[in-house]
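Just so it is clear, the values below take in all heavy atoms, side chains as well, and ignore hydrogens, waters and symmetry mates.
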Amino acid sequence: MNQHGSVERKTFCGICEAACGVVVTVQGDEVLKIRGDVDHPNSKGFLCPKGAAFGAVRDDPDRVLKPLQRQPDGSFAPVSWDTALDDIGARLRGIIKRHGREAIGLHLGNPNGWNYGAFMWLLGMAAALKTQHLYTASSVDINNYWVVGELLYGHNLVTPFPDIAHTQFLIVLGANPVVTHGSMMTAGRVKEQMAAIVERGGRVVVIDPRRSETAAQFEWQPMRPDGDPWLLAGMLKTILDEDLADQDALRFQTRGAESLPALLKDVTPQRVASETGIAWADVQALARAFAWSPAAALYGRCGASLGPFSTLTNYLINVLNIATGNLDRRGGMVFGQPMLDTEAFTKLFKVNGYDRWRTRVDGIPEVMGTSPLATLPREIRTPGKGQLRALLIASGNIATTSCASGDVGAALDELELLISLDPYITETNQHAHYILPPTLWLERDGMPIFSQMHAGVPYAQWAPASVAPRGESRDDWWIIDEICKRIGIVPSASKAAQFLGKLGIRLSPATAVDLFMRIGPAGDWFGLKAGISRRKLFGQTSGVVLAAEPAVGVSRKRVHLKDGLIALAQPLMAAEMARMITRSSADDPAFPLRLISMRELRSQNSWLHNVPKLTTGDRRPHLRIHPDDARPLALIDGEEVSIRSQSGEITVPVTISDEVMRGTVALPHNWGHGGGWRRAVAIGGGRYNDLTSNAATEIDVPSGNAVLNGLRVRVAKRCVELAAAS
Ligand SMILES: Nc1nc2c(c(=O)[nH]1)N[C@H]1C(S)=C(S)[C@@H](COP(=O)(O)OP(=O)(O)OC[C@H]3O[C@@H](n4cnc5c(=O)[nH]c(N)nc54)[C@H](O)[C@@H]3O)O[C@H]1N2
Ligand SMILES: Nc1nc2c(c(=O)[nH]1)N[C@H]1C(S)=C(S)[C@@H](COP(=O)(O)OP(=O)(O)OC[C@H]3O[C@@H](n4cnc5c(=O)[nH]c(N)nc54)[C@H](O)[C@@H]3O)O[C@H]1N2
Ligand code: SF4
Ligand SMILES: [Mo]
């Protein structure tokens, strides 16, 4: 404590996957300052504007600090925890009696990735309910990764990431790490690490329809939206045709490599060039450079993950890395080395898997026990056994962030009970019967359950809460536990926990994770080894380095399939390839442009839009359009335009700029707020996902992942569209 009575406490920022180490200056109940922690193994002192401004979220006058109950007139009134929880319990018991446990659903939004307690208790609650109505943000994001992990490596969570600290050639396919700080890779100071690749004589090539902040700093290769699987297929074809594959790697790491030429038999140079907008000679040159590099990594993210063939795209990304000998190589793609062995943990409780059952209404394969968000409105509306009647949403704003957001909002009103755990009244939970206030990451202990899986420097961190919770907020896991108590279930997939729970002994998530971590590869085995435990980590809150770099040469140990061999031959992927080849991708003259999403530095998906410091200037989402596309439409920079898709229409201001390719338009998503976050609502703006579709025919077939990019749209002056409509 210093002379002014303030103390410094270390933890990590719980906003995005970078999980930057932070030092929080606290005086009594107040957060005075948040700065980067130079001692953190990955972030080494880095902090972005969001982490630095987070104190304003904690102190936000619009923050929900008491349980809220919806009144008949639609307004919300504060009630006590007991009143809220008892009434929720009674209503859920009634629903179970009338419709069965399977009528209750759960949705896990993105911030659960930094909330291990909530994450475990929600999965545990779904397991105890034996409900198939488990939804997650992964189905508008990364379900295709989980499917490819299961198919190729035998476990959903095996998702290799680039070893950017050592690579000589990084291909960034549809990702913008300069703004997003990396996803499915926790590479601290990512911008500097990428710049260092070039400084040491290597290359960074960014393949993107937009000259993103990342593309602007490195080599930009423009490509048409949805060109990804075509580009990758063309590159793989080149590598196989020119005998550039690493046969030793294929023999040692894989089985089924002989199936690859047949997979590509209908991929022609002409089609690759027309689908990608990249000359065939350039595709070949890229493939050769990638294969010749001594250490290369092909990394794809949202731009490669939110298109109509996202599982196929992801499969091809993996195959290209494998076939060039870059998987499990220093400077290539590497396996994570987490503090908590999440692969073993999920395996033990049979969470991992694929297509063990299909969704009730649309018959879509489950992914890790979850159903896709695209199906949610139909699961609410379609009568019959298993119809979704009650939903608990934890940190999700799906009436904005899910595909066909307007339809989601409307469907939520048809539920018998909607409960939301969220610090704000959002456009989603304004439909709820109860809004329950959670603590925020500064106010609870933290271990980076998600980020630890893809850490460039494998590390362990577990830090106590930095500051006391505001108001009557409670940890998400506690809220879930209290609800479970009232319906007589123990939120766990573990039989032992179920048994103990019936005796009245309930573990906390901290105890459960600590137990499992201590008997894991990095654990202290209760004193038998020099490893980690929660108590030890609490004493070293900047985090402990587990290894200087991720191990390589471990693929046979890390692959969960027979003999540790990667299964390259995948009939499902051959079927997807055939579907792609036969699908016409000709432009629809009624919707001649392709819309893509855009993330911004001072935003995090649909939130942080109520923080004054992060919302200065004109924060309305502006549509970016190329001058050559704007001219025939007679658009004037800054004017309001209409964007129309097959599914909806929104109005936004336009910015004319050559940062997007001709034929592509880009729009920041997850704006257009409603509810009680007044500043966010006042900013206004069109809601991107009012243009997207949740039709079962408009999602990625194998994974159920939503299609949010490459959307066919037309843009027009407001008056022109209004005249056409009347
Ligand atoms: N500041 C900030 N950081 C964030 C977030 C945020 O909202 N703001 N969100 C977090 C979350 S949840 C995630 S998942 C990550 C996402 O991390 P990233 O994937 O790095 O983020 P995006 O901005 O979605 O990047 C996608 C890129 O793909 C391009 N693109 C669009 N369509 C296509 C296409 O068809 N093909 C190709 N090749 N490219 C395409 C876009 O122009 C964009 O530059 O970011 C996380 N970090
Ligand atoms: N068009 C388009 N749509 C997209 C995307 C895109 O690229 N384009 N990206 C998609 C992606 S990658 C993702 S991950 C999703 C994200 O979408 P969501 O999963 O809906 O996540 P967020 O918008 O990040 O936050 C959801 C809510 O969590 C609340 N919250 C924050 N911290 C806590 C906490 O500690 N506890 C609780 N209980 N609540 C908390 C916030 O107030 C906010 O209301 O959006 C997807 N939507
Ligand atoms: S990069 Fe992500 S984790 Fe780091 S400070 Fe910013 S929001 Fe927080
Ligand atoms: Mo995401």
Once rounded to the nearest 0.5 Å, what's the spacing between atom [atom1] of [X] and atom [atom2] of [Y]?
X: I435; Y: L68; atom1: CD1; atom2: CG; answer: 5.5 Å
X: Y135; Y: T370; atom1: OH; atom2: OG1; answer: 9.5 Å
X: Q193; Y: M185; atom1: CD; atom2: CE; answer: 8.5 Å
X: R599; Y: Q604; atom1: CZ; atom2: CD; answer: 7.5 Å
X: C302; Y: M598; atom1: SG; atom2: CE; answer: 14.0 Å
X: R58; Y: S466; atom1: CZ; atom2: OG; answer: 9.5 Å

Minimum side-chain heavy-atom gap [X]-[Y] below 4.5 Å:
X: E30; Y: S6; result: no
X: W146; Y: S138; result: yes
X: S473; Y: R63; result: yes
X: P177; Y: V172; result: yes
X: T159; Y: M453; result: no
X: F119; Y: L108; result: yes
X: R9; Y: T11; result: no
X: R470; Y: L440; result: no

Quiz item: Of D481, D476, N115, D475, which meets side-chain hydrogen bond (donor to acceptor under 3.5 Å, both in side chains) against W121?
Solution: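 Only one of D481, D476, N115, D475 forms a side-chain hydrogen bond (donor to acceptor under 3.5 Å, both in side chains) with W121, namely D481.
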Exercise. Identify which one of N670, D690, T428 satisfies the side-chain hydrogen bond (donor to acceptor under 3.5 Å, both in side chains) criterion when paired with S405.
Key: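 Going through the options one by one, the only one that passes is D690.
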Kindly give the heavy-atom pair with the smallest separation between [X] and [Y], and that separation in Å.
X: S139; Y: S371; value: OG-O, 4.4 Å
X: G456; Y: P550; value: O-CD, 3.1 Å
X: P49; Y: L614; value: O-CD2, 3.7 Å
X: I317; Y: L298; value: CG2-O, 3.5 Å
X: M339; Y: A522; value: O-CB, 4.3 Å
X: P438; Y: L436; value: CD-O, 3.3 Å

Is there a donor-acceptor contact under 3.5 Å linking the side chains of [X] and [Y]?
X: N610; Y: D62; value: yes
X: D37; Y: S542; value: yes
X: N397; Y: Y424; value: no

Quiz item: V31 and F54: side chain to side chain contact (heavy atoms under 4.5 Å, CB included), yes or no, with the steps?
Solution: CA-CA 9 Å; V31 172; F54 198 77; over 6 Å; no
Practice problem: Please lay out, stage by stage, how L134 and L122 fare under the test side chain to side chain contact (heavy atoms under 4.5 Å, CB included). | Solution: CA-CA 9 Å; L134 176 61; L122 288 160; 5.8 Å; no
Self-check item: From F345, W441, F12, W462, residue fulfilling ring pair (Phe, Tyr, Trp, His ring centres under 6.0 Å) relative to Y116
Solution: W462
For the backbone of [Y] and the side chain of [X], can you confirm whether one donor and one acceptor N or O come within less than 3.5 Å of each other?
X: N689; Y: T400; answer: yes
X: T186; Y: E17; answer: yes
X: R687; Y: I650; answer: no
X: N143; Y: N705; answer: no
X: N709; Y: I596; answer: no
X: S43; Y: G21; answer: yes
X: R602; Y: T616; answer: yes
X: Q461; Y: T541; answer: yes
X: R301; Y: A175; answer: no
X: N352; Y: N156; answer: no

Practice problem: Applying salt bridge (Lys or Arg N to Asp or Glu O under 4.0 Å), run through K191 and E213 and close with a yes or a no. | Solution: CA-CA 10 Å; K191 192 163 99 178; E213 293 73 359; over 6 Å; no
Quiz item: Does atom NZ of K66 have more than 12 heavy-atom neighbours, drawn from other residues, nucleotides or ligands, at distances under 6.0 Å?
Solution: no
Practice problem: Please lay out, stage by stage, how L421 and I480 fare under the test side chain to side chain contact (heavy atoms under 4.5 Å, CB included). | Solution: CA-CA 9 Å; L421 278 52; I480 299 153; 4.1 Å; yes
Quiz item: Hey, mind stepping through D60 and R679 against salt bridge (Lys or Arg N to Asp or Glu O under 4.0 Å) and telling me if it holds?
Solution: CA-CA 11 Å; D60 195 325; R679 194 177 173 93; over 6 Å; no
Quiz item: Do the charged groups of D208 and R210 touch, with an N to O distance under 4.0 Å?
Solution: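 Salt bridge between D208 and R210, a charged N being under 4.0 Å from a carboxylate O: no.
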Exercise. Apply side chain to side chain contact (heavy atoms under 4.5 Å, CB included) to the pair T401 and V140, showing each step before the final yes or no.
Key: CA-CA 8 Å; T401 59; V140 285; 5.5 Å; no
Self-check item: Given T180, V179, V178, V204, the one that forms side-chain contact (heavy atoms from CB on, under 4.5 Å) with T214
Solution: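 Per the side-chain contact (heavy atoms from CB on, under 4.5 Å) rule, the option paired with T214 is V178, out of T180, V179, V178, V204.
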Self-check item: Chi angles and distances behind the side-chain hydrogen bond (donor to acceptor under 3.5 Å, both in side chains) call for N314, N144
Solution: CA-CA 7 Å; N314 236 297; N144 39 73; 3.0 Å; yes
Quiz item: What is the ring orientation for F450 with H454, classed by angle as parallel under 30°, tilted 30 to 60°, or perpendicular over 60°?
Solution: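 Plane angle over 60°, so perpendicular.
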Quiz item: How are the rings of W478 and W81 set to each other: parallel, tilted or perpendicular (split at 30° and 60°)?
Solution: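 Because their plane-to-plane angle is over 60°, the rings of W478 and W81 count as perpendicular.
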Practice problem: Would you please test E443 and R474 for salt bridge (Lys or Arg N to Asp or Glu O under 4.0 Å) and show each step? | Solution: CA-CA 9 Å; E443 302 165 330; R474 298 278 186 278; over 6 Å; no
Exercise. Would you confirm whether the ring centroid of W671 sits within less than 6.0 angstrom of the ring centroid of H609?
Key: yes
